[in-house]
Visitor: 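Before I ask anything, here is the structure I am working with.
In listed order, ligands and their atoms are each counted from 1. Residues: numbered from 1 along the sequence shown.
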Amino acid sequence: MAHYGRFSVDTDGADVVAVRPAAEDGDPSPLIGNVPGSVTHPSRIRRPAVRRGWLEHGPGPTALRGNDSYVEMDWDEFVPLLAGELRRVIDRHGNEAIYGGSYGWGSAGRFHHAQSQVHRFLNTIGGYTRSVGNYSLGATNVVMPHVMGSHWKLFSRSTSWDVIAEHTDLLVAFGGVPIKNTFVNHGGTSHHPTRDALHRLRARGGRIVSISPLADDLEGTAERLAPVPGSDVALMMALAHVLATNGWHDTRFLERYTVGYDRFEDYLLGRTDGMSKSPEWAEALTGIPASVTRDLARRMARSTTMITVTFSLQRTRHGEQAPWMGMTLAAMLGGIGVPGAGFGHGYGSMNEPGIGPVPYPLPTLPQGTNRVPTSIPVAAVSDMLLNPGAPYDYDGERRTFPDIRLVHWAGGNPFHHHQDLGRLREALGRPDTVVVHDPFWTPMAKHADFVVPSTTSLERDDLSCTRNDPWLVAMPAAVARFADSKDDYETFTLLARELGIEQEFTEGRNAADWLRHLYEPWRAFVSAAGRVTPPTFAEFWRDGAFRMDTEDDLTLLADFRDDPARAPLRTPSGRLEIFSETIDGFGYDDCAGHPRWYEPQEWLHGERAGRFPLHLVANQPRTRLHSQLDHGAVSQASKVQGREPVRMHSDDARARGLADGDVVRVFNDRGACLAGLRVDDGLRPRVVQLATGAWYDPLDPVDPRSMCVHGNVNVLTEDRGTSSLAQGCTGQHVLVEIEKWTGALPPVRAHQPPEFAERPQK
Ligand SMILES: Nc1nc2c(c(=O)[nH]1)N[C@H]1C(S)=C(S)[C@@H](COP(=O)(O)OP(=O)(O)OC[C@H]3O[C@@H](n4cnc5c(=O)[nH]c(N)nc54)[C@H](O)[C@@H]3O)O[C@H]1N2
Ligand SMILES: Nc1nc2c(c(=O)[nH]1)N[C@H]1C(S)=C(S)[C@@H](COP(=O)(O)OP(=O)(O)OC[C@H]3O[C@@H](n4cnc5c(=O)[nH]c(N)nc54)[C@H](O)[C@@H]3O)O[C@H]1N2
Ligand SMILES: [Mo]
C-alpha cells in the first residue's frame with residue numbers, strides 16, 4: 001500500500017520489477033508505475049554518511065551545507081557521533097533548541113511512519129520544538145475551527161460521493177475536481193471513486209461548473225469559467241451580491257444556523273466601505289462578465305447546489321478567505337445539511353472527501369508527550385531559523401521564535417515543500433547541526449550533516465489504514481533491505497541505546513512485536529464496540545487485508561441542520577460564524593471578522609505583473625506524489641529534455657518566440673529554473689503551470705540563489721504566510737517571466753548521489 005493506491009509487486013529479490021493494482025480498485029492510480037526500480041536506484045543512500053566539513057570543523061553555522069562532500073562510515077561509528085551531538089545540544093541549549101517538526105508525507109504504514117518515529121524518539125529524550133498545521137491546509141486548519149467548529153470534519157465527514165451523484169443538480173467547483181489529485185490519500189487508498197461519481201451525476205442530468213485557470217482540472221463535460229487566478233473570492237462575493245440584492249438568500253437558514261450575516265451584508269453591499277461587491281465590481285478583478293455571474297447565481301439559487309473549494313485556493317496569500325467565503329455563500333443558499341447541497345472542501349484535492357469514514361479509531365503508534373511547549377506554524381521554518389527571538393503573530397497570539405541549534409528531519413523534503421529555496425538554504429546554514437533520515441539522496445539529504453539511510457516501505461513489514469477507507473492492509477516486506485540501510489525505528493533504537501533510554505523508547509518491543517501490539521488492543525477495542533470482529537493478527541497477516549465498515553451516505557452537518565441545539569457546532573456561538581467575534585478581536589489588518597476581498601501581491605492585476613507578467617500555478621504533480629520517486633518511469637516520461645514541463649497558452653508562447661519542446665528559463669527576482677515547454681490552449685492566457693516536485697538541482701551549488709536546472713518551482717515562490725491568523729503556506733501562486741534558454745544545456749544531476757570524500761585529517 002502506498003499513499004497513491006494498493007498494489008502487489010513482482011520482484012527479482014532485490015527490487016520491484018512490476019506492479020499490479022488491487023483488484024477492487026476500479027480506477028487505479030498511474031503513480032504506482034514509479035515504483036519498479038526504486039529500491040536499488042542509484043539515488044539510494046547506501047551507508048550512514050557525515051558531511052566532511054562537519055567532521056573537520058564540528059557543529060556550527062556554515063555556508064557549506066548543500067555544497068560539500070560526504071564521508072561514509074559504519075553504524076558503529078555513526079551512532080555514537082550523532083548521539084553525542086544530540087546530547088551536547090540538549091546539555092548546552094536545552095531541548096527547545098532541537099527542531100523536530102519534520103514535516104512531510106514519508107510513506108504509508110502505521111508503524112514505520114517516519115514522522116511518528118522521530119517524534120516518539122525526540123519525546124523520549126526530553127522533547128523538541130514542534131510544528132503545527134501542514135502545507136496542505138495551512139489557512140483552513142486555523143480559520144475553519146473558528147467559524148465552523150472543526151476543520152477535519154470537512155474532509156472526514158464530508159458529503160459522500162454517492163449522495164452527490166444522486167442528489168446534486170449543480171456542482172460549482174472552485175479549482176475544479178482534478179482527478180489527478182484523487183490518486184492520493186494520506187495513509188493509503190484502496191479505490192478511486194471520483195471519476196465514476198462525476199459520470200453518474202452527469203448521467204442523471206446534473207451540471208458541473210468548473211472554475212479554474214486549467215481546462216483539465218475537470219475531465220469530461222463541464223461548463224468552465226476561468227477567472228484571473230487569485231480572484232475567486234471576488235467572484236464568490238459577486239454571486240453573494242446577486243443573491244442578496246434579489247432576495248434569493250435563505251434568511252430562515254441564516255437566522256437559525258449562522259451568526260453575523262448582517263455585518264457581512266453591510267460589507268457586501270458597500271454600506272461599510274462604499275464599495276458594492278456587485279458583479280460589475282468583480283468583473284474588473286476576475287474577468288468574468290457580470291452577466292455570466294448573474295446567470296450562475298440565479299441557477300445556484302434555483303437548484304440543489306453543492307459548492308466545493310479545492311485546497312489550492314487557500315494555499316495563497318489571504319487563503320483563509322476562500323473556504324470561509326465558500327461556506328458563507330453555501331449558507332446564503334441555505335443548503336448546508338441537505339443531501340447533495342451545501343459546502344465541500346477538497347473534492348478533487350485528495351481521495352478522502354466523499355469517502356465514508358471508519359467509525360472507530362485506527363491502530364496508531366503512540367508518540368509520547370512532548371515536554372517542550374514551543375511550536376511554530378509549519379511554514380515558518382525559514383523565518384524561525386533566520387530570526388531567533390523575533391516576534392510574530394499567529395492565531396491571536398504574539399509569539400517569539402526559539403533559537404534552534406539542531407534540526408532533525410525524517411520523512412519529509414523541505415526542498416520539495418518549502419517556498420523560496422534560496423532563503424531556505426540560507427536558513428539551513430544557521431543551525432549547528434542538521435540530521436536527515438531518508439532512503440534517497442534528496443536535496444534535503446544533500447544539505448544535512450548527518451545522513452541516515454532509511455529503508456523504503458517495500459523493505460519492511462507494516463500495516464496500513466486511513467480514516468476514510470475501508471481496508472486495513474498488511475504490507476509484508478517485498479524485497480531485502482538495500483545496502484546498509486535501516487528502518488527508522490531501528491536507527492532510533494540504536495540512538496536510544498547509546499543515550500541510555502532504550503527501554504523507554506522501545507518498551508522492550510522489536511518492530512514485529514510492535515505491529516502485533518498496535519493491532520491486538522485495537523482488535524479488542526473494536527470487537528468490544530460490537531460492530532465488527534476483526535480477525536486475530538495471525539489471520540489478518542495471512543489473509544493480507546481486512547475490510548472494516550465505513551459510514552456511508554453521509555451529508556456534511558446533517559445532524560446540525562436537524563437540530564442545532566442538540567448538535568451545536570464547536571464555535572463560540574454553536575453556529576456557522578459568518579462574523580467571528582474571536583477573529584475580529586485579534587485586530588488583524590490581513591484577516592478581519594468576516595470574509596473580505598483582499599488584493600494579493602502575486603497576481604495579474606498587481607504592480608508586480610508589470611515586471612513578471614505571467615501567473616504561474618504551482619500545483620500538485622500529475623505524475624508522482626510530491627517529490628517522491630521523481631526518477632520513476634511515470635515521472636520521467638513527462639519530462640521535456642529531462643526538465644519538468646511548464647505549460648503555456650499558444651498566444652503567450654508565440655509572443656515570446658517559443659515552441660513546444662523548447663527548454664525555457666522561468667524567472668523572477670527570487671530565482672530561476674529551467675523547464676521544458678508544453679503549449680496547451682487549455683490554460684487561461686497569461687497563466688502558466690509548473691507542478692511541484694522536480695528535485696532541486698542548482699547549477700552552482702555555492703550560490704544559494706543559483707538557477708535550478710531541473711525545474712523546481714519553489715526557487716520562485718514567496719516565503720510568506722497566508723495572514724497573521726494562520727501563517728499558512730502560500731506556494732500555489734507566483735508571478736514569473738519566461739524566455740527561451742539559449743545557453744548550453746546543463747546536465748540534470750538531481751538524482752545522483754553527492755561527492756564522497758576521505759575522512760579529513762585533524
Ligand atoms: N509551491 C508549492 N509548494 C508546495 C505545495 C504547492 O501547492 N505549491 N504543496 C505543499 C503540500 S500540500 C505538501 S503536503 C508538501 C509535501 O511535501 P513533503 O511531504 O515534504 O514531500 P515528499 O516528497 O512527499 O517528501 C517525503 C520524503 O519522505 C521520504 N521517505 C519516504 N519513506 C520514508 C521512510 O520510511 N523514512 C524516511 N526517513 N523517509 C521516507 C521520501 O523519500 C521523501 O524525501 O509540499 C508543499 N509544497
Ligand atoms: N497526483 C498527485 N495528487 C496529489 C498530490 C500529489 O503530489 N500528486 N498531493 C496531495 C496533497 S498532499 C494535497 S494537500 C492535495 C492538494 O490539493 P490541491 O491543493 O487542491 O491541488 P493542486 O493540484 O495544487 O490545485 C488544484 C487546482 O486548483 C487550481 N487553481 C490554482 N489556483 C487557482 C485559483 O486561484 N483559482 C481557481 N479557481 N483555481 C485555482 C489549479 O488549476 C490546480 O490544478 O493534493 C493531493 N493529491
Ligand atoms: Mo498536502
Visitor: Which residue and atom name correspond to the protein heavy atom nearest atom 1 (N) of ligand 1, and how close is it?
Guide: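 Its nearest protein heavy-atom neighbour is N714 OD1, 2.7 Å.
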Visitor: Would you name the heavy atoms of A633 and G33 that are closest together and state the gap between them?
Guide: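 Taking every non-hydrogen atom into account, CB-O, 3.9 Å.
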Visitor: If you compare all heavy atoms of L604 against all heavy atoms of P229, which two are closest, and at what distance to 0.1 Å?
Guide: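 Smallest heavy-atom distance, with atoms named: CD1-CD, 4.4 Å.
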Visitor: Output the list of atoms in ligand 1 that are nearer than 4.0 Å to some heavy atom of T442, sorted by atom number.
Guide: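 Close to T442: 44 (O).
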Visitor: Take S312 and T310 through the side chain to side chain donor-acceptor pair (under 3.5 Å) test and state the conclusion after the steps.
Guide: CA-CA 5 Å; S312 55; T310 47; 2.8 Å; yes
Visitor: Heavy atom to atom 36 (N) of ligand 1, shortest distance: which of D488, V617, T692 holds it?
Guide: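 Shortest heavy-atom distance from atom 36 (N) of ligand 1: D488.
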Visitor: Please identify which atoms of ligand 2 are closer than 4.0 Å to at least one heavy atom of H626.
Guide: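 The list of qualifying atoms is 6 (C), 7 (O), 9 (N), 10 (C), 11 (C), 12 (S).
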Visitor: Considering non-hydrogen atoms of the protein only, which is the closest contact for atom 28 (O) of ligand 2, and what is the distance?
Guide: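 Checked against all protein heavy atoms, atom 28 (O) of ligand 2 sits closest to S312 OG, 2.8 Å.
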Visitor: Using a 6.0 Å distance limit plus a 45 degree cone around the ring axis, check whether K446 lies over the aromatic ring of W441.
Guide: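 So K446 doesn't make the cation-pi contact.
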Visitor: Starting from atom 13 (C) of ligand 2, what is the nearest protein heavy atom, named by residue and atom, and what distance separates them?
Guide: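 Of the protein heavy atoms, M350 CE, 3.8 Å lies nearest.
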Visitor: How far is atom 31 (C) of ligand 1 from the closest protein heavy atom, and which atom is that?
Guide: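 For atom 31 (C) of ligand 1, the nearest protein heavy atom is G106 C, 3.6 Å.
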Visitor: Atoms of ligand 1 less than 4.0 Å from Q419 heavy atoms?
Guide: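 Heavy-atom distances to Q419 below 4.0 Å select 1 (N), 2 (C), 3 (N), 4 (C).
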Visitor: Can you sort out which atoms of ligand 1 are near S136, meaning under 4.0 Å from one of its heavy atoms?
Guide: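 Here the atoms of ligand 1 in question are 12 (S), 14 (S).
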Visitor: Just jot down the ligand 2 atoms closer than 4.0 angstrom to any heavy atom of G230, in number order.
Guide: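 What qualifies from ligand 2 is 34 (C), 35 (O).
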Visitor: When you compare ligand 1 with S627, is there at least one nitrogen or oxygen pair between them that comes in under 3.5 angstrom?
Guide: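 Yes, at least one N or O pair falls under 3.5 Å.
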Visitor: Taking only non-hydrogen atoms of R460, do any sit less than 4.0 angstrom from ligand 1?
Guide: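 R460: in contact with ligand 1 (<4.0 Å).
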Visitor: Tell me, which protein residue and heavy-atom name are nearest atom 20 (O) of ligand 2, and how many Å apart are they?
Guide: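 The answer is S349 OG, 2.7 Å.
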Visitor: Judged by non-hydrogen atoms, does V436 sit under 4.0 Å from ligand 1?
Guide: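 Flag not set, V436 not near ligand 1.
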Visitor: Go through ligand 2 atom by atom and flag the ones less than 4.0 Å from a non-hydrogen atom of R315.
Guide: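 Taking each heavy atom of R315 in turn, ligand 2 has 14 (S), 16 (C), 19 (O), 24 (O) under 4.0 Å.
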Visitor: Which ligand 2 atoms does K180 reach within 4.0 Å, using its non-hydrogen atoms?
Guide: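 Once the distances to K180 are compared, the set is 1 (N), 2 (C), 3 (N), 23 (O).
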Visitor: Which class fits the ring pair H733 and H615: parallel under 30°, tilted 30 to 60°, perpendicular over 60°?
Guide: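 It falls in the perpendicular class, over 60°.
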Visitor: Looking only at protein heavy atoms, identify the closest one to atom 41 (C) of ligand 2 and say how far it is in Å.
Guide: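 The closest one turns out to be D217 OD2, 3.1 Å.
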Visitor: Tell me: protein heavy atom nearest atom 25 (O) of ligand 1, and distance?
Guide: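 Among all protein heavy atoms, the one nearest atom 25 (O) of ligand 1 is N413 N, 3.6 Å.
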Visitor: Which residue and atom name correspond to the protein heavy atom nearest atom 14 (S) of ligand 1, and how close is it?
Guide: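 Checked against all protein heavy atoms, atom 14 (S) of ligand 1 sits closest to Y103 OH, 3.0 Å.
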Visitor: Identify whether NZ of Lys or CZ of Arg in R317 sits under 6.0 Å from the centre of the six-membered ring of Y598 and within 45° of that ring's axis.
Guide: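 So R317 doesn't make the cation-pi contact.
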Visitor: Side chain, backbone, both or neither: which applies to L313 and ligand 2 if a contact is any heavy-atom pair less than 4.0 Å apart?
Guide: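 Only the side chain of L313 comes within reach of ligand 2.
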Visitor: Tell me: protein heavy atom nearest atom 11 (C) of ligand 1, and distance?
Guide: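 Result for atom 11 (C) of ligand 1: Y135 CB, 3.6 Å.
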Visitor: Nearest heavy-atom pair of F111 and D462: which atoms, and what distance?
Guide: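 Taking F111 first and D462 second, the nearest heavy atoms are N-OD1, 3.0 Å.
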Visitor: Heavy-atom pairs closer than 4.0 Å: do any link ligand 1 to the side chain of V734, the backbone, both, or neither?
Guide: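 The answer is neither; V734 stays 4.0 Å or more away.
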Visitor: Quick one: look up the protein heavy atom nearest atom 2 (C) of ligand 2 and list residue, atom name and how far away it is.
Guide: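 For atom 2 (C) of ligand 2, the nearest protein heavy atom is P621 O, 3.2 Å.
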Visitor: Among L214, D232, L235, which one has a heavy atom closest to atom 37 (C) of ligand 2?
Guide: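 The nearest heavy atom belongs to D232.
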Visitor: Do N34 and S635 get their side chains close enough for a donor-acceptor pair, meaning under 3.5 Å?
Guide: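 Per modelled atom types, N34 and S635 side chains form no pair under 3.5 Å.
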Visitor: I'd like to check which ligand 1 atoms, numbered from 1 as shown, lie under 4.0 Å from a non-hydrogen atom of G412.
Guide: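 Every atom of ligand 1 under 4.0 Å from some heavy atom of G412: 20 (O), 25 (O), 26 (C), 27 (C), 28 (O).
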Visitor: In the protein, which heavy atom is nearest to atom 19 (O) of ligand 1, and how far is it?
Guide: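 Scanning the protein heavy atoms, the shortest distance from atom 19 (O) of ligand 1 goes to W105 N, 2.8 Å.
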Visitor: Salt-bridge test for K180 and E219: reply yes if a basic N is under 4.0 Å from a carboxylate O, no otherwise.
Guide: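 Answer for the salt bridge query: no.
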Visitor: Salt-bridged, D216 to R622, with N to O below 4.0 Å?
Guide: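 Yes, charged N to carboxylate O under 4.0 Å.
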Visitor: Do Q628 and ligand 1 have an N or O pair less than 3.5 Å apart?
Guide: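 Indeed, backbone or side chain, Q628 has an N or O that close.
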Visitor: Under 4.0 angstrom from ligand 1, any heavy atom of F311?
Guide: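 Heavy atoms of F311 never come under 4.0 Å of ligand 1.
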Visitor: Which is closest to atom 33 (C) of ligand 2 in terms of heavy atoms, H733, E352, Q732?
Guide: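 It is H733 whose heavy atom sits nearest to atom 33 (C) of ligand 2.
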Visitor: Go through the steps to decide whether S102 and H408 satisfy the test side chain to side chain donor-acceptor pair (under 3.5 Å), and finish with yes or no.
Guide: CA-CA 7 Å; S102 190; H408 204 142; over 6 Å; no
Visitor: In the protein, which heavy atom is nearest to atom 9 (N) of ligand 1, and how far is it?
Guide: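 Protein heavy atom with the smallest distance to atom 9 (N) of ligand 1: Q620 NE2, 3.5 Å.
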Visitor: Is it the side chain (CB and beyond), the backbone, both or neither of F440 that lies under 4.0 Å from ligand 1, heavy atoms counted?
Guide: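 Side chain only.
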Visitor: How about R46: does its CZ atom have over 12 heavy atoms from other parts shown lying under 6.0 Å from it?
Guide: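 No, not enclosed.
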Visitor: State whether Y135 and R315 meet the cation-pi test: NZ (Lys) or CZ (Arg) under 6.0 Å from the six-membered ring centroid, and within 45° of the perpendicular axis.
Guide: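 R315 over Y135 ring: no.
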Visitor: Using a strict cut-off of 4.0 Å, indicate which atoms of ligand 1 neighbour a heavy atom of A114.
Guide: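 Under 4.0 Å from A114, ligand 1 has these atoms: 36 (N), 37 (C), 38 (N).
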Visitor: Between R425 and D420, does any NZ, NE, NH1 or NH2 come within less than 4.0 Å of an OD or OE carboxylate oxygen?
Guide: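 Not counted as a salt bridge, because no side-chain N and carboxylate O are separated by less than 4.0 Å.
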Visitor: Using a strict 4.0 Å threshold on nitrogen-to-oxygen distance, state whether E644 and R624 make a salt bridge.
Guide: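 Salt bridge present between E644 and R624.
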Visitor: When you check the gap from the basic side-chain N to the acidic O, do E602 and R670 get nearer than 4.0 Å?
Guide: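 Judged by the 4.0 Å cut-off on N to carboxylate O distance, E602 and R670 do form a salt bridge.
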Visitor: Which option, Q115, H417, H437, owns the non-hydrogen atom nearest atom 4 (C) of ligand 1?
Guide: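 Nearest heavy atom to atom 4 (C) of ligand 1 lies in H417.
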Visitor: May I ask you to say whether D630 pairs ionically with K639, meaning some side-chain N is under 4.0 Å from a carboxylate O?
Guide: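 A salt bridge is present here (some side-chain N lies under 4.0 Å from a carboxylate O).
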Visitor: Knowing that exactly one of S485, S454, P439 qualifies, which makes a side-chain contact (heavy atoms from CB on, under 4.5 Å) with E459?
Guide: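 Between E459 and the candidates, side-chain contact (heavy atoms from CB on, under 4.5 Å) is satisfied uniquely by S485.
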Visitor: Which residue owns the protein heavy atom closest to atom 47 (N) of ligand 2, what's the atom, and how far is it?
Guide: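 Result: N181 O, 3.0 Å.
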Visitor: Are the charged groups of D383 and R423 less than 4.0 angstrom apart, N to O?
Guide: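 Salt bridge: yes.
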Visitor: Return the residue, atom name and 0.1 Å-rounded distance of the protein heavy atom closest to atom 44 (O) of ligand 1.
Guide: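 Scanning the protein heavy atoms, the shortest distance from atom 44 (O) of ligand 1 goes to D438 OD2, 2.7 Å.
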Visitor: Where does the angle between the aromatic ring planes of H345 and F155 fall among parallel (under 30°), tilted (30 to 60°) and perpendicular (over 60°)?
Guide: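 Rings of H345 and F155: tilted, as their planes differ by 30° to 60°.
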Visitor: Compare A410, P439, G109, A618 and give the one whose heavy atom is closest to atom 30 (N) of ligand 1.
Guide: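 Answer by nearest heavy atom: P439.
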